[in-house]
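Have a look at the structure below, then the notes.
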Amino acid sequence: MLRVMVLVSGGGTNLQAIIDAVEAGSVTNVKLVGVLSNNKTVKSLERARNAGIPAVSLSPKDFADRASFNDALLAKVDEFEPDLIVLAGFLVAIPEAMVHKYSNRIINIHPSLIPSFCGVGYYGLKVHEKALERGVKVTGATVHFVNEGMDEGPIIAQKAVAVEEDDTAEVLQRRVMEQAEWILLPKAIDDIANDRIQVVDGKVLKK
Ligand code: GRF
């Protein structure tokens with residue numbers, strides 16, 4: 001059983017998709033061992049608790065500086081002894097020490113087709129606003145391993161989603177979630193849990 005910990009900041013619909021997939025048996029060999037949010041009030045913590053998953057919050061605001069928050073974050077994650085850390089809408093930059101300690105064991109979902117609309121400043125609704133501003137006809141989502149760069153790690157899976165002419169950022173965000181994110185992220189976890197992929201020379205290959 002792969003011990004999976006999920007890190008969240010927002011509503012947690014991706015977290016819910018993972019919980020549902022594990023409960024439905026479409027994701028196997030996975031134990032959801034914990035959920036951590038950087039925000040005390042989010043719906044995600046409720047979703048975790050409803051599913052019987054231990055849920056904790058840890059906010060940078062409660063620490064004197066970023067370095068002490070980073071140390072506490074790593075210590076808290078370590079307590080759960082995860083084999084895989086899933087960033088499901090986690091808006092906090094992952095400390096380098098954590099990236100190194102959990103090398104190729106942290107994955108992230110990003111709501112665009114990387115390398116479009118990613119990197120510093122591209123998070124949440126902003127990603128979709130920028131895609132609409134640019135007038136792209138196709139966008140999508142990407143699941144990737146996390147390395148030291150921002151949205152730069154090896155790509156595990158991508159799925160394209162059509163942009164419609166009258167889309168608002170909110171409408172597009174929802175379509176990307178429904179048609180791509182909620183499918184891709186559980187599938188990637190299942191592939192890792194069932195040992196179907198490997199990282200070779202910075203690229204993800206099927207075994
Ligand atoms: C998703 O669009 C995810 O790709 C992005 O943040 C959003 C989180 O949504 N990184 P939710 O909290 O899973 O509902």
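Read the numbers this way: they start at 1 and go in the same order the structure lists the ligands and their atoms.
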*Give a yes-or-no answer on whether the side chains of Glu148 and His100 include a donor-acceptor pair shorter than 3.5 Å.*
yes
*asked:* Is the ring pair Phe63/Phe69 parallel, tilted or perpendicular, if the boundaries are 30 and 60 degrees?
replied: perpendicular
*Check: Ser9/Asn39 side-chain N/O donor and acceptor closer than 3.5 Å*: no
*Side chains of Asn14 and Glu181: do they bring a donor and an acceptor to under 3.5 Å?*
yes
*Return the minimal non-hydrogen interatomic distance between Pro82 and Val77, and the atom names on each side.*
CD-O, 3.2 Å
*Without hydrogens or angle criteria, can the side chains of Asp151 and Tyr123 be said to hold a donor-acceptor pair below 3.5 Å?*
no
*Residue, atom name and distance, where the atom is the protein heavy atom closest to atom 1 (C) of ligand 1*: Glu181 OE1, 3.0 Å
*At the 4.0 Å heavy-atom cut-off, does Gly124 count as touching ligand 1?*
no
*For atom 13 (O) of ligand 1, which candidate among Asn14, Asn108, Leu184 holds the nearest heavy atom?*
Asn14
*Of the protein's non-hydrogen atoms, which lies at the shortest distance from atom 8 (C) of ligand 1, and what is that distance?*
Gly89 CA, 3.7 Å
*Around atom 12 (O) of ligand 1, find the nearest protein heavy atom and jot down its residue, atom name and distance.*
Gly12 N, 2.7 Å
*State whether the shortest distance between N or O atoms of His110 and N or O atoms of ligand 1 falls below 3.5 angstrom.*
no
_Please determine whether the number of non-hydrogen atoms from other residues, nucleotides or ligands lying under 6.0 Å from atom NZ of Lys207 exceeds 12._
yes
_Residue and atom name of the nearest protein heavy atom (relative to atom 14 (O) of ligand 1), distance in Å to one decimal_ = Thr13 OG1, 2.6 Å
_Give me the nearest non-hydrogen protein atom to atom 9 (O) of ligand 1 as residue plus atom name, then the distance to 0.1 Å._
Met177 CE, 3.3 Å
*Out of curiosity, is Ile109 lining ligand 1, as in a heavy atom under 4.0 Å away?*
yes
